[in-house]
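Since the structure comes first, as structure tokens, the remarks are kept for the end.
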Amino acid sequence: MPSRPVVTRFAPSPTGYLHIGGARTALFNWLFARHHGGEFQLRIEDTDRARSTPEATAAILRGMDWLGLDHDGDVVSQFARADRHAEVAHQMLDAGHAYKCFSTQEEIAAFRDAAKADGKSTLFLSPWRDAAADSHPDAPYVIRMKAPRDGQTVIDDQVQGPVKFENKLLDDMICLRSDGTPTYMLAVVVDDHDMGVTHVIRGDDHLNNAARQTLVYTAMGWDVPVWAHIPLIHGPDGKKLSKRHGALGVEEYQAMGYPAEAMRNYLARLGWSHGNDEFFTTAQAIAWFGLDGIGKSPSRFDFKKLDNISGQHIAALEDQALVDQIGAFLAVTGQPVLSDEQNKLMLRGMYCLKERAKTIPLLIEKAEFILTSRPIAPDEKAAKLLDSVSRGILNQLTPLLQDVSWTRDTLEQVATEVAEANDAKFGKIAGPLRAALAGRTTTPSVFDMMLVIGREETIARLTDAIG
RNA sequence: GGCCCGUUCGUCUAUCGGUUAGGACGCCAGGUUUUCAACCUGGAAAGACGAGUUCGAUUCUCGUACGGGCUACCA
């Protein structure tokens, strides 16, 4: 293994939002770099000018930022390095590793159509590969790699194992287009080399490309990076993830209220494992992550499991961190943020909220009794519980609350006594109490609510309900 | 069509020739309970198929089937 420090990179093309598969690829690269104390770099592959947009770049950056995948150094624009790519293409040309090809796109397309019709290989063998310079016409040309026609190229992939490719099946890929711009195939190699990338961790849709790219490394005399091609994430139906599966962009997950910590945990677990560990912190993931833990088969995205993991993280997060996350969530989703007073109450009540929510919005829903204010308008179900009999019992309870010590034990004792005095169990008055305090039928424990909002507010709400 | 990769409970996965094939999510049943959630106990649930190697295959090899990827002057 090289003694060079580990350098990984995530290299998305800015043609849309950061999708969930890309996010996982980024996460693996990030975890690997952090595990080794190396660098994680970000490169935007924007050489396709027609499809690249600054909006997409911004969305990718936002997604990375939300997931907490911080990169080292500046964001590299592949397009900005076009001159360097052209330089390398010409170096290969000068060294005899590449050649000028004057075949037009129409000629090549016609060849392929014919080959396809005949059921023959569509591999295009340029007639210009060995043409003498004095036979070159004065016409536009591309620079093609002069790939070896014999032997084989082996990709020693850290996930897939050794993969062999017959060189005769590899085409002379275009490095520089006829307009002088570089192709991705060339640019990716030049950039990875120049950026000092030691480990290329990417989707296995690039596995075939790795063979042709290896040829460029070899031609230039550069070190070939360590390859790790990870399986793609599939949709619930096992097919390739696509828009019809919904929720593809990471920002949508943010908007659904999954904590970033939970997303990192779930995404890491998708295709990577560390024994039977399911729930872990980011710090643990960094400590444990390695290429040998990556599986070889594609995995499917499962919201049920994400929900579960998310719930565990919410329960485990610090109260203040959760209050902060609620604030961030509200801001991102364009909702009014909480007042200082509400935040204070949220912090005080978080202990009885966080054990029961799988996502941030669910957490907010459970906190309705904190966020609401008098007079409380009970919803339909709650209103039903506040019948005359129940109101009568609450009327007995309310004055007793005036002087008891405001602790869970005494509140529970008083409530139970009132219930028994009415020949009922506590369960009988829990519903009406809940309805009166929150105006809802699903809330935290009634005693927890009383403790959080305090004696004065409790009595006021009960008095309102008694009417 | 050609090349490449993959295939363990419904899902995510453990297993690195010898296990009653383990865990998690989900599901079902029961328990607890102050609604929801949580929690506790129990349960159903898997090696795609066929050969071969071996004393012994989920594990190694080959074939088949199925799924996926690539096959652009896209990335």
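To find a chain, count down the sequence lines: A is the first, B the second, and so on, and within it residues start at 1.
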Roughly how many Å apart are [M] and [N], using the [atom1] atom of each and rounding to a whole number?
{"N": "C9(B)", "M": "G43(B)", "atom1": "C1'", "value": "14 Å"}
{"N": "U54(B)", "M": "C40(B)", "atom1": "P", "value": "49 Å"}
{"N": "U32(B)", "M": "A14(B)", "atom1": "P", "value": "38 Å"}
{"N": "U8(B)", "M": "G47(B)", "atom1": "P", "value": "10 Å"}
{"N": "A72(B)", "M": "U59(B)", "atom1": "C1'", "value": "41 Å"}
{"N": "A44(B)", "M": "G23(B)", "atom1": "P", "value": "12 Å"}
{"N": "G22(B)", "M": "C60(B)", "atom1": "C1'", "value": "23 Å"}
{"N": "G63(B)", "M": "G18(B)", "atom1": "P", "value": "25 Å"}

When we call it a touch if two heavy atoms are under 4.0 Å apart, what does [X] touch: a base, just sugar-phosphate, or nothing?
{"X": "Gln105(A)", "result": "base"}
{"X": "Arg51(A)", "result": "base"}
{"X": "Lys358(A)", "result": "sugar-phosphate"}
{"X": "Ser297(A)", "result": "sugar-phosphate"}
{"X": "Gly271(A)", "result": "sugar-phosphate"}
{"X": "Thr416(A)", "result": "nothing"}
{"X": "Glu45(A)", "result": "sugar-phosphate"}
{"X": "His206(A)", "result": "base"}
{"X": "Arg24(A)", "result": "nothing"}
{"X": "Gly431(A)", "result": "nothing"}
{"X": "Phe165(A)", "result": "sugar-phosphate"}
{"X": "Pro12(A)", "result": "nothing"}
{"X": "Asp179(A)", "result": "nothing"}
{"X": "Thr443(A)", "result": "base"}

Could you identify the nucleotide paired to [N], looking across every strand shown and requiring Watson-Crick or G-U wobble geometry with both distances under 3.5 Å?
{"N": "C3(B)", "answer": "G69(B)"}
{"N": "U54(B)", "answer": "none"}
{"N": "G63(B)", "answer": "C49(B)"}
{"N": "C27(B)", "answer": "G43(B)"}

Upstream residue (5' side of RNA chain B) when Asp302(A) and Ala357(A) are each assigned their closest nucleotide: Asp302(A)

Which comes earlier along RNA chain B counting from the 5' end, the contact point of Tyr266(A) or that of Thr442(A), where each point is its nearest nucleotide?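 It is Tyr266(A) whose nearest nucleotide is closer to the 5' end.
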
Please give, in whole Å, the distance from G1(B) C1' to Leu123(A) CG?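 The distance from CG of Leu123(A) to C1' of G1(B) comes to 13 Å, rounded to the nearest Å.
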
Any Leu31(A) side-chain heavy atom under 4.5 Å of Arg264(A) side chain: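 Result no, sub-4.5 Å side-chain heavy-atom pair not found.
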
Asp150(A) vs Asn167(A) side-chain heavy atoms within contact, under 4.5 Å: no

Under 3.5 Å between N/O atoms: give me all the protein pairs with nucleotides 18-21 of chain B, atom names plus distance.
none

Where the side chain of [X] is concerned, which of [options] is the nearest nucleotide?
{"X": "Ile108(A)", "options": "A37(B), C12(B), C73(B)", "result": "C73(B)"}
{"X": "Arg356(A)", "options": "A75(B), A37(B), G26(B)", "result": "A37(B)"}
{"X": "Asp205(A)", "options": "G26(B), C12(B), C70(B)", "result": "C70(B)"}
{"X": "Asn276(A)", "options": "G26(B), G22(B), C70(B)", "result": "G22(B)"}

So, under a plain 3.5 Å distance rule, would you say the side chain of [X] forms a donor-acceptor pair with the base of [N]?
{"X": "Arg300(A)", "N": "U11(B)", "answer": "no"}
{"X": "Lys164(A)", "N": "C4(B)", "answer": "no"}
{"X": "Arg212(A)", "N": "U71(B)", "answer": "no"}
{"X": "Ser445(A)", "N": "U34(B)", "answer": "yes"}
{"X": "Lys305(A)", "N": "A24(B)", "answer": "yes"}
{"X": "Asp204(A)", "N": "G69(B)", "answer": "no"}
{"X": "Ser178(A)", "N": "C73(B)", "answer": "yes"}

Tell me, with the steps shown, if Asp277(A) and Arg269(A) meet salt bridge (charged side-chain N to carboxylate O under 4.0 Å, His left out). CA-CA 9 Å; Asp277(A) 293 306; Arg269(A) 197 63 191 69; over 6 Å; no

Show me the donor-acceptor pairs, under 3.5 Å and distance only, between side chains in residues 350-366 of chain A and residues at least two apart or in other chains.
residue   : atom : partner   : partner atom : Å
Tyr351(A) : OH   : Asp448(A) : OD1          : 2.7
Lys354(A) : NZ   : Leu317(A) : O            : 3.0
Lys354(A) : NZ   : Asp319(A) : OD1          : 2.8
Thr359(A) : OG1  : Leu362(A) : N            : 3.4

With a 4.0 Å limit, can you tell me whether [X] has a side-chain N or O closer than that to the phosphate oxygens OP1/OP2 of [N]?
{"X": "Thr183(A)", "N": "C73(B)", "result": "no"}
{"X": "Ser299(A)", "N": "C12(B)", "result": "no"}
{"X": "Arg269(A)", "N": "U13(B)", "result": "no"}

One pair to check against ring pair (Phe, Tyr, Trp, His ring centres under 6.0 Å): Phe303(A) and Tyr266(A). What are the steps and the verdict? CA-CA 10 Å; Phe303(A) 274 98; Tyr266(A) 179 73; 8.4 Å; no

Hey, what's the ring geometry for [X] with [Y], parallel, tilted or perpendicular (30° and 60° as the breaks)?
{"X": "Phe124(A)", "Y": "Phe111(A)", "result": "perpendicular"}
{"X": "His313(A)", "Y": "Phe279(A)", "result": "tilted"}
{"X": "Tyr217(A)", "Y": "Trp227(A)", "result": "perpendicular"}

Checking side-chain contact (heavy atoms from CB on, under 4.5 Å) between Phe369(A) and each of Arg434(A), Arg461(A), Arg440(A), which is the one that passes? Arg461(A)

Which of these passes side-chain contact (heavy atoms from CB on, under 4.5 Å) with Ile155(A): Asn209(A), Asn208(A), Thr214(A)? Thr214(A)

Around atom CG of Asp423(A), are there more than 12 heavy atoms of other residues, nucleotides or ligands at under 6.0 Å? no

